[in-house]
Amino acid sequence: MRVFVSSTVSDLKAYRARLNEVIKEKGYELLSAGIDNKKATLKERLKLVGKSDVVIGIYAHRYGTIPQGESTSYIEQEFQFARKSGKDILCFVIDPKIDWPERYREDDFIKKERLSAFLGEVEKTNLTKHFRSTDDVLTTLVPALQKYSDKYDRIEKLQAWSKDVSPAKKFKLLNKLTDAYVNGKISDSTYGITSRLIAGHFNIDRDRPPSRFIDQAEALLQGKSTITEFVKSAHDDWGPVAITQLGSRRIMYLLPTTALLFLLLGVFIGKWMFSTANSESAGALQQEVRQTAAPISEEQTVIISEEEKQREEAIRRFTELEAAPAESDSLRILQYQQLKNEFGALLDNSGIDEALRGLQAKFEAQKQAAAEAAARAALELAEAQAVETAQAAAETVADTIESEPSLFDPIPPPDIDDTDFQARLAMLKTDTVTIHQTLDIWEQYAQVADGEAARYAVSEIERINELLKKTTVVRNIDEFITCLNVNIDTRMPEDTTYVFSPGKIWMWARLTTTEPDTVRARWMVNGRTLFTNVASIPVASSAYRIFFSKTYNPAHAGNNEIRLYNGDGLLIGRRTFQVSETAPEAVSTTR
């Protein structure tokens with residue numbers, strides 16, 4: 001029997017550990033064991049729920065994580081999916097009267113409302129018990145699991161036994177069932193379920209007929225019951241199965257009753273007509289068919305060497321890099337360098353080398369121009385100020401250098417003649433690199449650098465990590481987005497996209513703040529600020545949501561961007577998006 005345990009993790013860790021231990025001791029298969037220590041996606045979680053026989057829900061005072069783009073949490077979606085899939089569900093809800101650590105209670109008012117509504121639905125629709133301890137849970141759970149095991153483990157034994165029954169015997173029964181159906185002796189649902197159970201080795205993952213029907217189908221396959229006796233005991237309330245194209249079934253019934261055609265008929269019935277839930281079971285029957293016939297032909301396989309594959313990949317990457325617009329010349333230098341390092345001699349580097357030389361020459365010219373401008377400014381300052389003022393300024397500079405350096409200022413870089421190192425420094429001087437991207441740049445470089453360059457990268461990583469603890473930042477890169485709408489009730493985005501028609505465009509972000517702060521969103525077109533929004537964050541929060549909207553017209557068509565700054569002036573988020581020249585006929589805002 002396969003069991004899935006659904007709950008929030010950190011607050012119910014001890015409960016999950018004890019339940020997991022008991023479930024494994026009883027010999028059941030625990031499908032949810034792997035999601036405690038990894039960030040499983042919603043798709044992966046629901047896939048496990050779909051494979052399970054029994055779903056156990058344990059709920060306390062946390063609603064849990066809401067997946068990006070969704071309005072309900074993982075635990076609620078797992079519960080709803082289990083219900084729709086017809087799974088057996090046993091739920092445990094914390095007794096509201098007992099003390100519970102404050103750190104394990106929701107501090108998000110929206111999640112509190114969602115949790116209250118969710119638990120109300122749980123208690124109305126399923127077998128639910130209140131608990132105060134793990135013993136309370138196990139007192140109910142252990143006998144319930146035994147009851148479910150009597151059902152599902154028996155099915156597993158039936159499935160294993162059914163696979164060993166000869167195809168000839170199965171398809172002889174299928175032929176008789178088809179005869180009874182065509183002559184109107186059994187209904188669509190009876191014919192569909194019976195045929196699927198026989199052809200699919202008693203797979204009941206999707207449609208679970210009552211046990212009495214499984215008993216009769218088993219007796220039929222064992223030869224303990226005849227088709228005539230089965231027809232007499234059949235009922236029409238065993239669950240509808242979609243049956244279409246009756247004419248096609250009649251034609252199949254008239255096919256010659258040779259052994260091979262019966263085999264093909266069984267596979268056709270099991271897999272196509274009745275949508276067998278277990279494709280592996282249907283595949284097993286098909287394999288038996290294949291084993292009775294010689295293969296038709298062998299396709300020629302073209303073997304491509306690893307070197308050729310890598311060369312093709314290198315050419316593809318270089319072509320995409322050339323075609324894609326770069327956010328900055330410094331970023332393009334870094335991309336070229338990474339491509340050279342990764343593929344080496346497999347790629348003709350002449351084009352990359354030429355581009356690198358041009359861009360590096362441009363940077364050198366900019367550097368020289370900046371140095372000349374600085375020299376002129378210093379000369380003008382020296383001529384304009386008195387000697388005493390200059391001395392005071394020198395002393396102030398000396399005091400600043402001797403004082404503790406600010407976390408907001410990068411550590412002065414060493415003079416290292418390394419193209420990769422200089423390219424990263426040049427890129428960080430632009431105003432388009434966020435604080436998170438800066439951290440990524442040095443973390444990647446620290447893995448390949450050595451000596452003084454590596455020490456500098458590590459010092460910058462330490463400085464930025466300390467800075468991130470003390471300033472307002474976007475919680476993670478996926479939580480700063482553009483979208484077609486923001487649900488005012490849930491404060492969550494809807495219809496995430498980065499391509500828009502003229503009209504209203506929304507931005508949404510979730511921030512982590514250590515104190516009250518002010519953030520600014522700059523909406524930019526062609527490198528200039530078009531709009532600015534300001535939001536005041538009144539309290540420290542680990543998940544403060546902000547969102548703004550602006551209306552764009554066809555004149556703003558093309559590449560646009562939003563830059564998000566915190567109160568310390570740091571670029572904490574940056575998103576690019578496109579606006580087309582024409583208005584849409586209709587815009588969908590469904591979730």
Side-chain angles (χ1 to χ4, degrees), residues 86 154-292:
R154 172 181 179 248
I155 292 298
E156 289 183 358
K157 292 177 181 178
L158 272 178
Q159 290 172 341
W161 164 78
S162 179
K163 290 178 182 179
D164 292 332
V165 177
S166 70
K169 181 175 181 179
K170 287 185 177 182
F171 301 134
K172 182 178 180 180
L173 284 174
L174 288 174
N175 185 44
K176 292 181 179 180
L177 280 171
T178 304
D179 188 23
Y181 172 68
V182 170
N183 288 295
K185 296 181 179 180
I186 52 176
S187 66
D188 282 3
S189 61
T190 300
Y191 177 61
I193 294 175
T194 308
S195 299
R196 187 167 69 82
L197 285 174
I198 294 174
H201 307 318
F202 282 82
N203 183 302
I204 57 171
D205 281 351
R206 288 184 185 169
D207 304 309
R208 289 195 169 97
S211 297
R212 56 186 172 81
F213 179 70
I214 296 175
D215 293 339
Q216 292 168 339
E218 179 186 6
L220 184 64
L221 191 56
Q222 288 179 334
K224 296 179 180 179
S225 174
T226 65
I227 291 293
T228 301
E229 293 170 338
F230 179 78
V231 167
K232 290 180 179 179
S233 63
H235 296 278
D236 294 336
D237 61 350
W238 290 327
V241 173
I243 304 296
T244 57
Q245 300 180 352
L246 175 59
S248 297
R249 288 198 306 276
R250 291 178 182 274
I251 291 173
M252 287 187 294
Y253 171 66
L254 297 175
L255 292 174
T257 57
T258 64
L260 179 59
L261 290 180
F262 274 131
L263 292 174
L264 295 175
L265 175 62
V267 174
F268 191 78
I269 293 173
K271 183 173 181 181
W272 185 80
M273 288 178 57
F274 308 110
S275 304
T276 300
N278 187 341
S279 61
E280 294 180 0
S281 297
L285 293 180
Q286 290 177 312
Q287 184 63 30
E288 292 173 347
V289 175
R290 296 190 189 101
Q291 291 173 353
T292 63

- Which heavy-atom pair separates E229 from K224 by the least distance, and what is that distance? OE1-O, 4.2 Å

- Message: Rounded at 0.5 Å granularity, tell me how far CG in L174 sits from CG in D179.
- Response: 12.5 Å

- Separation of K185 NZ from T228 OG1 (nearest 0.5 Å): 6.5 Å

